[in-house]
Undergrad: 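Got a structure for you, written out below as structure tokens; questions coming shortly.
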Amino acid sequence: MPSRTRATALSAGWAWHIPLTSRNGNGYVYSSRHLTETQAEAELRAHVGTEAGEARHLKMRVGRVRDSWSHNALAVGLAQGFLEPLEATALHFVIATVEAFLDGVDAGGATDAVRNAFNARIAARYDGVRDYIVAHYGLNQRHDDPTGYWAQARGIEVLSDDLKMLMSAWFTGADMVAAIDRAGLARYYSAISWHCLFAGYGTFPEPARLIPPGADIDPVDMTRIDDFLTRCAMNFGSHASRLRAADLKDIA
């Protein structure tokens, strides 16, 4: 069983494939402006390669509440916002919200100042993660585009000031690390994550703006790295053996 979630771009969005112990989870996040429910279901079934099973059609309401802490009520999880359907960011927000709330209680409890600071902290975190997700769409280089969805995503103009600043820094060859530090974005995704995101889409500044590596930068030998990782993996059991051991432990 694979140990990873796979996300694949389709004609008007992206599909996920999540291996679980008893089944595989599949879903398709698509734009209803570009596909009907029937078309989206047919595309997902063709992608997965099955006609079996019932497809559930859900609507996503994306965004966040203005204040997660209001008076004596604290919104956590789906009550406070939703950005995308993979659970990593959702769990992240739950943990970050609880931690920030405990910090607020320790700092003085339910005063206006404490609540305002808490709400600003959580809102900034949501907005920072949103920018990272939006960048995936805005930087896409998909040109086999029968619905026009990916071209429209590349042309999106409603971007936050922080994301505009980062894109400007990247494409002008400026210091991305300094730009990320100025905006405080490393609190959500580190500078190397932003570099991997921008470079991973094959988007780079013009050649004249690229800075050649200095003498302090060693060229990367990917063959040696592959060999090193392969030998490291030999010290551990396979994913399947670990799952079998866990099952036996649960039974015992």
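The model shown is predicted, which means the values in this text are computed figures rather than measured ones.
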Undergrad: Please enumerate all residues that pass side-chain hydrogen bond (donor to acceptor under 3.5 Å, both in side chains) together with S238, with sequence neighbours excluded.
TA: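 Only S241 meet the side-chain hydrogen bond (donor to acceptor under 3.5 Å, both in side chains) criterion with S238.
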Undergrad: Looking only at the side chains, is there a donor atom on one of Q39 and H34 sitting less than 3.5 Å from an acceptor on the other?
TA: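 Absent: no donor and acceptor within the cut-off.
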Undergrad: Sequence neighbours excluded and cut-off under 3.5 Å, please list the side-chain donor-acceptor pairs for residues 13-20, or say none.
TA:
unit_1	atom_1	unit_2	atom_2	d
W14	NE1	Y137	OH	2.9
H17	ND1	N26	OD1	3.0

Undergrad: Step by step, work out the side chain to side chain contact (heavy atoms under 4.5 Å, CB included) result for I95 and T97.
TA: CA-CA 5 Å; I95 294 169; T97 298; over 6 Å; no
Undergrad: Are there over 12 heavy-atom neighbours, none belonging to I192, within less than 6.0 Å of that residue's CD1?
TA: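 For I192, atom CD1 is not crowded (no more than 12 foreign heavy atoms under 6.0 Å).
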Undergrad: Can you check whether Q152 reaches D145 side chain to side chain, under 4.5 Å on heavy atoms?
TA: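 No, their side chains stay 4.5 Å or more apart.
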Undergrad: Rounded to the nearest 0.5 Å, what's the gap from CE on M165 to CG on D131? Could you check?
TA: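 M165 atom CE to D131 atom CG measures 9.5 Å (nearest 0.5 Å).
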Undergrad: Are R130 and L163 close enough, and set up right, to give a side chain to side chain contact (heavy atoms under 4.5 Å, CB included), and what steps lead you there?
TA: CA-CA 10 Å; R130 173 208 60 199; L163 187 52; over 6 Å; no
Undergrad: Is there side-chain contact between L83 and F93, with heavy atoms separated by less than 4.5 Å?
TA: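 Yes, at least one pair of side-chain atoms sits under 4.5 Å.
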Undergrad: Does atom CZ (R6) have a neighbourhood of more than 12 heavy atoms from anything else shown, all under 6.0 Å?
TA: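 Result for CZ/R6: open.
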Undergrad: To check you understand the geometry: which heavy-atom pair defines the closest contact between I180 and A186, and what is its length?
TA: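 Shortest heavy-atom contact: CG2-N, 3.6 Å.
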Undergrad: For R64, enumerate each residue passing the salt bridge (charged side-chain N to carboxylate O under 4.0 Å, His left out) test, keeping only those at least two apart in sequence or located in another chain.
TA: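 R64: salt bridge (charged side-chain N to carboxylate O under 4.0 Å, His left out) contacts with D127.
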Undergrad: Okay, side chain of R187, backbone of G184: is any donor-acceptor separation there less than 3.5 Å?
TA: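 Checking the backbone N and O of G184 against the side chain of R187, a donor-acceptor pair under 3.5 Å is found.
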Undergrad: Restricting to ring-ring contact (aromatic ring centres under 6.0 Å, His included), what partner residues turn up for Y188, sequence neighbours left out?
TA: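 Per chain and number, Y188 pairs via ring-ring contact (aromatic ring centres under 6.0 Å, His included) with no residue.
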Undergrad: For H92, give me all partners under ring-ring contact (aromatic ring centres under 6.0 Å, His included), at least two apart in sequence or on another chain.
TA: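 With sequence neighbours excluded, H92 shows a ring-ring contact (aromatic ring centres under 6.0 Å, His included) to no residue whatsoever.
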Undergrad: Between atom CG of L58 and atom CE of M60, what is the distance when rounded to the nearest 0.5 Å?
TA: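 Taking CG in L58 and CE in M60, the distance rounds to 9.5 Å.
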Undergrad: Would you say T230's side chain and D226's backbone share a donor-acceptor pair under 3.5 angstrom?
TA: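 The answer is yes, because a donor-acceptor pair under 3.5 Å joins these two groups.
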Undergrad: Test your reading of the model: is there a side-chain donor-acceptor pair from N235 to the backbone of C232, 3.5 Å cut-off?
TA: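 Indeed, once roles are kept as given, a pair shorter than 3.5 Å links the two residues.
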Undergrad: Kindly write out the residues that satisfy ring-ring contact (aromatic ring centres under 6.0 Å, His included) with W194, not counting sequence neighbours, or none if the list is empty.
TA: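 Checked W194 against ring-ring contact (aromatic ring centres under 6.0 Å, His included); matches are Y132.
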Undergrad: Going by side chain to side chain donor-acceptor pair (under 3.5 Å), name the pairs with one or both residues in residues 44-53, residues two or more places apart or in two chains.
TA: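 Non-adjacent pairs meeting side chain to side chain donor-acceptor pair (under 3.5 Å): E41-R45.
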Undergrad: List the residues meeting salt bridge (charged side-chain N to carboxylate O under 4.0 Å, His left out) with D161, not counting sequence neighbours, and say none if there are none.
TA: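 In terms of salt bridge (charged side-chain N to carboxylate O under 4.0 Å, His left out), with neighbours along the sequence ignored, D161 is linked to no residue.
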Undergrad: Among pairs that include at least one residue of residues 97-116, which meet salt bridge (charged side-chain N to carboxylate O under 4.0 Å, His left out), considering only residues two or more places apart or in two chains?
TA: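 For residues 97-116: D103-R121, D112-R115.
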Undergrad: Does a salt bridge link K164 with D162, judged by any charged N lying under 4.0 Å from a carboxylate O?
TA: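 Salt bridge: no.
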Undergrad: Please determine whether side chain to side chain contact (heavy atoms under 4.5 Å, CB included) holds for the pair I225 and L229, giving the CA-CA distance in whole Å, both sets of side-chain angles, and the decisive distance to 0.1 Å.
TA: CA-CA 6 Å; I225 291 177; L229 293 176; 4.1 Å; yes
Undergrad: Between atom OG of S32 and atom NZ of K59, what is the distance when rounded to the nearest 0.5 Å?
TA: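 Rounded to the nearest 0.5 Å, the OG-NZ separation comes out at 6.0 Å.
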Undergrad: Return the CZ to NE2 distance between R4 and H239, rounded to the nearest 0.5 Å.
TA: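 One gets 10.5 Å once the value is rounded to the nearest 0.5 Å.
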Undergrad: Let me check something: any side-chain donor-acceptor pairs from residues 195-213 under 3.5 Å, sequence neighbours excluded? List them with distances.
TA:
unit_1	atom_1	unit_2	atom_2	d
H195	ND1	A191	O	2.9
Y201	OH	H136	O	2.9
T203	OG1	F198	O	2.7
R209	NH1	T172	O	3.4

Undergrad: Could you check L35 against E43 for side chain to side chain contact (heavy atoms under 4.5 Å, CB included), going step by step and ending with a plain yes or no?
TA: CA-CA 10 Å; L35 291 180; E43 186 176 12; 3.4 Å; yes
Undergrad: Taking salt bridge (charged side-chain N to carboxylate O under 4.0 Å, His left out) as the test, write out the residues that go with R231, two or more places apart.
TA: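 Testing R231 for salt bridge (charged side-chain N to carboxylate O under 4.0 Å, His left out), a comparison that skips the adjacent residues, returns D227.
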Undergrad: Does F171, at its CZ atom, have more than 12 non-hydrogen atoms belonging to other residues, nucleotides or ligands within less than 6.0 Å?
TA: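 Buried by this count: over 12 neighbours within 6.0 Å.
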Undergrad: Sequence neighbours left out, cut at 3.5 Å: what donor-acceptor pairs do the side chains of residues 66-74 make with other protein atoms?
TA:
unit_1	atom_1	unit_2	atom_2	d
S68	OG	Q80	NE2	3.0
W69	NE1	H71	O	3.2

Undergrad: Do the side chains of P85 and Y28 get nearer than 4.5 Å, heavy atoms only?
TA: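 In short, these two side chains do not touch, never coming nearer than 4.5 Å.
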Undergrad: Grab the two heavy atoms, one from R142 and one from R154, that are nearest each other, plus how far apart they are.
TA: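 Looking at all heavy atoms of both residues, the closest pair is O-NH1, 2.9 Å.
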